[in-house]
Amino acid sequence: MGVMTTATAPLPAAVPAPPWARRAAHAIALCAVPSGLWRIAMASGVHVGYSDQVLRDVYDIPGWGIAYVVGLSVLAELAALFPLLLVSDRWRPMRPRALAALSWTASVVLLLVALGQLVVAFTVESQSYMSSGTARTVWAVVFAPLFAIPPLMTAVTWSYTKRQRQRW
């Protein structure tokens, strides 16, 4: 006779993520694409509004700055894919509470970074490197989607935590 113990008991079925949370997680991944492409264009030598002297002196392009800028773009996109784990039906973390805590921490950090970037974006020094008003406009358009990430991440995290609490 088989006796069911806690070791052999089936795990409770995972509650699927709501469609709005799935869309928000996918939107986060897409929000990082324009700024990443802009950085890669800058590293490739495409004129993005900085003079050659600024690229050499400030960003070390050409040089190690290329690896930094491309690496930052890749890292940002990989980080933007993280919320897809929170809405996946196929992936079940071993420690959902730890993942929930990590997600809330990421949401807070993203919010603080976004607020810090708003302050930096409106300082005189940050605008002095751009060579024209058109370049500043393009820069603003490609980096603006990044400001949608903190509220989207908070919503996806809230959804994940709510779904996991039903299993705890």
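Note that the coordinates shown come from a computational prediction; the quantities given were computed from them, not determined experimentally.
- Without hydrogens or angle criteria, Arg22 side chain to Val87 main chain gives a donor-acceptor distance under 3.5 Å.
- Residue-environment remark: OH (Tyr68) stays at or below the threshold of 12 foreign heavy atoms within 6.0 Å.
- For the atom pair CZ (Phe82) and OG (Ser103), the distance works out to 3.5 Å, reported to the nearest 0.5 Å.
- Here the shortest heavy-atom pairing between Ser73 and Gly36 reads OG-O, 3.4 Å.
- Between atom CG of residue Leu30 and atom CZ of residue Arg23 there is a gap of 13.5 Å, rounded to the nearest 0.5 Å.
- Without hydrogens or angle criteria, Ser88 side chain to Leu84 main chain gives no donor-acceptor distance under 3.5 Å.
- Listed here is the closest heavy atom pair of Ala100 and Thr157: O-CG2, 4.3 Å.
- Here the straight-line distance linking atom CG of Asp52 with atom NE2 of His47 works out to 8.5 Å at 0.5 Å rounding.
- Ser159 places no side-chain N or O within 3.5 Å of a backbone atom of Ala155 that could act as its donor or acceptor partner.
- No chain of hydrophobic side-chain contacts below 4.5 Å, direct or via other Ile, Leu, Val, Met, Phe, Trp or Tyr residues, connects Val113 to Leu72.
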### Task
May I have the step-by-step check of side-chain contact (heavy atoms from CB on, under 4.5 Å) for Val156 and Trp158, ending in yes or no?
CA-CA 5 Å; Val156 171; Trp158 175 79; over 6 Å; no
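- Taking all atoms of both residues into account, the shortest heavy-atom contact from Ala135 to Val48 is CB-O, 4.0 Å.
- Rounding to the nearest 0.5 Å gives a distance of 11.0 Å between CG of Leu111 and CZ of Phe147.
- Connection of Val58 to Trp38 is established within a shared hydrophobic cluster, with ILVMFWY side chains joined at heavy-atom distances below 4.5 Å, either directly or through further cluster members.
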### Query
After noting the C-alpha distance and the side-chain angles of Met42 and Ile61, does the key distance pass the side-chain contact (heavy atoms from CB on, under 4.5 Å) rule?
CA-CA 9 Å; Met42 182 174 84; Ile61 295 175; 4.0 Å; yes
### Task
Mind running side-chain contact (heavy atoms from CB on, under 4.5 Å) on Trp104 and Thr154 for me, showing each step along the way?
CA-CA 7 Å; Trp104 282 115; Thr154 302; 3.9 Å; yes
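- A donor-acceptor pair under 3.5 Å links the side-chain atoms of Arg163 to the main chain of Leu86, judged by distance alone.
- Pairing each heavy atom of Leu146 with each of Cys31, the nearest pair is CD2-O, 3.7 Å.
- Taking the centre of each ring, Phe143 and Trp139 come in below the 6.0 Å mark.
- Distance check, rounded to the nearest 0.5 Å: NZ of Lys162 to CZ of Arg165 gives 11.0 Å.
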### side-chain contact (heavy atoms from CB on, under 4.5 Å) between Val142 and Leu37, intermediate numbers included
CA-CA 9 Å; Val142 299; Leu37 292 175; over 6 Å; no
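- Cluster membership check: Tyr160 shares its hydrophobic cluster with Leu102, using side-chain heavy-atom separations under 4.5 Å among Ile, Leu, Val, Met, Phe, Trp and Tyr.
- Listed here is the closest heavy atom pair of Tyr50 and Val54: CD2-CG1, 3.9 Å.
- A single hydrophobic cluster is seen to contain both Met153 and Leu85, as judged by linkage of ILVMFWY side chains at heavy-atom distances under 4.5 Å, directly or through other members.
- For Ala29 against Glu77, the heavy-atom pair with the smallest separation is O-OE2, 2.9 Å.
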